[in-house]
Amino acid sequence: MSDELIRRPQETSTNGIEVPAVPTPRLVFTPPIDIYETDDGLVLLADLPGVSLDSLELQVQDNKLTLLGRVKSPVPADAQLRYQEYQVGDFLRSFILSDEVDHDRVSATLNSGVLKVWLPKAKKAPARRIQITPESS
Amino acid sequence: MPLFRFGQNWDPFGDLEREVDRLLRSVDLTFHGIRMGRQYPAVNLYELEDEYVLTAELPGTKIEDLELTFAGGILTLKGCRDDSEDVPEHRFRRSERFRGAWQRALSLPERIREEDLTATFTDGVLRVRLPKGAQTPARQIAVTEGNDDPSRSEAPDHVG
């Protein structure tokens with residue numbers, strides 16, 4: 001009887017009840033995308049459910065296009081998860097743009113969780129003739 | 001890292017890159033749980049003090065294409081998404097996003113005030129709020145001593 005009384009508090013502490021909650025790390029997902037060609041360039045569509053205009057970062061640096069969408073939980077923090085089929089997390093994906101994309105004219109819209117990026121074709125530089133000279137010894 | 005280019009560039013590593021892309025992509029999608037035999041859309045159910053909240057990720061779906069019905073404890077979600085329907089198939093360089101019509105039927109927790117269901121759709125996320133009904137107090141069921149002989153039963157309720 002007395003054994004039990006002594007053991008009980010130890011049990012609760014080893015069960016992790018007294019351990020401070022460790023903040024769960026943010027999850028990052030690769031969003032599914034479509035890319036299709038138009039006469040003027042490429043169009044990229046990315047599914048970013050839960051991302052709003054002010055939580056989306058889209059940038060072109062050098063030849064890399066990066067999208068980062070931050071997602072807020074759709075429910076208050078005290079909500080208990082009862083059934084789960086998907087996890088809530090941020091979206092991150094980056095792409096290498098070829099030189100044929102006009103980096104300065106890239107534009108985008110965001111509409112009910114779908115990002116649409118226009119990647120217009122750069123105007124082709126005219127073909128340049130390369131002079132061939134015999135190798136001098 | 002995904003990579004795409006215009007036209008038919010001379011690109012000796014293209015095939016390898018495509019293979020690696022494809023491999024990574026399938027891993028990503030498996031991890032995210034989309035497709036790969038899973039139902040669309042994926043849903044979550046949360047419980048709060050006075051309501052349940054069902055959420056579903058439906059990016060790119062128009063509100064007018066969404067249909068929610070509730071009958072007999074079953075919530076049916078129905079809709080379609082086809083936001084690039086006029087693009088011919090051969091124009092696609094990549095096609096990873098779900099397209100088409102879908103339907104899901106979900107049985108809801110008990111004690112839901114059906115008449116007070118509300119739904120919102122923001123940034124491609126559907127939220128259905130399911131207010132909890134009043135909890136009926138636990139009812140005591142009296143147990144009386146049984147009589148082994150059915151012919152001496154004091155409550156001769158003959159059915160039929």
Side-chain angles (χ1 to χ4, degrees), chain A residues 27-39 41-53 55-56 64-65 69 71-76 78-89 91 93-101 110-116 119 121-122 124, chain B residues 1-7 9 11 17 24-25 27-29 31-35 38-39 41-49 51-63 81 83-84 87-99 106 109 120-127:
Chain A
L27 295 164
V28 179
F29 296 110
T30 305
I33 58 153
D34 283 354
I35 295 169
Y36 61 84
E37 232 174 299
T38 68
D39 294 338
L42 294 173
V43 175
L44 185 151
L45 296 168
D47 280 350
L48 307 172
V51 175
S52 58
L53 264 186
S55 64
L56 175 67
K64 196 166 149 192
L65 173 78
V71 176
K72 276 190 303 216
S73 173
V75 287
D78 60 334
Q80 301 285 312
L81 190 58
R82 289 288 175 241
Y83 174 71
Q84 183 175 37
E85 287 182 352
Y86 72 93
Q87 289 176 296
V88 176
F91 293 106
R93 195 155 177 179
S94 50
F95 309 89
I96 302 290
L97 300 177
S98 82
D99 291 340
E100 289 178 64
V101 171
L110 181 69
N111 205 342
S112 49
V114 176
L115 173 72
K116 191 169 189 175
L119 303 160
K121 256 182 217 175
K124 274 211 172 97
Chain B
M1 174 168 302
L3 193 141
F4 56 90
R5 291 204 169 87
F6 283 114
N9 283 5
D11 183 12
E17 280 164 345
L24 290 176
R25 198 163 71 233
V27 171
D28 286 335
L29 290 178
F31 191 60
H32 199 61
I34 298 176
R35 287 172 294 275
R38 292 282 295 270
Q39 292 203 73
V43 299
N44 281 354
L45 183 74
Y46 301 87
E47 183 176 357
L48 283 116
E49 204 180 314
E51 63 180 0
Y52 292 94
V53 178
L54 181 94
T55 62
E57 292 186 317
L58 293 163
T61 307
K62 297 183 195 85
I63 285 187
R81 182 178 83 163
D83 50 8
S84 45
V87 181
E89 208 56 43
H90 70 271
R91 292 263 188 178
F92 277 90
R93 295 290 187 84
R94 278 179 188 245
S95 184
E96 301 169 1
R97 299 165 67 238
F98 177 87
R99 264 181 287 164
L106 304 151
T120 55
F121 189 59
T122 318
D123 296 328
V125 178
L126 176 72
R127 274 181 72 213

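Predicted model only: the values in this text are computed from it and were never measured. Heavy atoms only: backbone and side chains are in, while hydrogens, waters and symmetry mates are out. Letters A, B, ... mirror the listed sequences (proteins, then strands); counts begin at 1.
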Shorter than 4.5 Å, heavy atoms on both sides: which option in [options] has the most such pairs with chain A?
options	answer
B:T61, B:V125, B:I63	B:V125
B:G60, B:P59, B:A56, B:G124	B:P59
B:V43, B:L48, B:T122	B:V43

Check: Between the main-chain N or O of A:K121 and the side-chain N or O of A:E100, is there a donor-acceptor pair closer than 3.5 Å?
Finding: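 Absent.
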Checklist line | B:R93 side chain vs A:I35 backbone, donor-acceptor pair below 3.5 Å | finding: no
[X] versus chain B, the contacting section by heavy-atom distance below 4.5 Å:
X	value
A:V71	neither
A:V51	backbone
A:L48	backbone

Item checked: From OG (A:S112) to CG (B:L58), nearest 0.5 Å ->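 Going from OG on A:S112 over to CG on B:L58, the span is 10.0 Å.
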Checklist line | NZ or CZ of B:R94 within 45° of A:F95 ring axis and under 6.0 Å | finding: no
Item checked: Atom group of B:V53 that falls short of 4.5 Å from chain A, counting heavy atoms ->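 Contact with chain A involves the side chain of B:V53 alone.
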Check: Is a salt bridge present between B:R91 and A:D34, judged by a nitrogen-to-oxygen distance below 4.0 Å?
Finding: no
Checklist line | Short N-O contact, B:R81 and A:D47, less than 4.0 angstrom | finding: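 So B:R81 pairs with A:D47 through a salt bridge.
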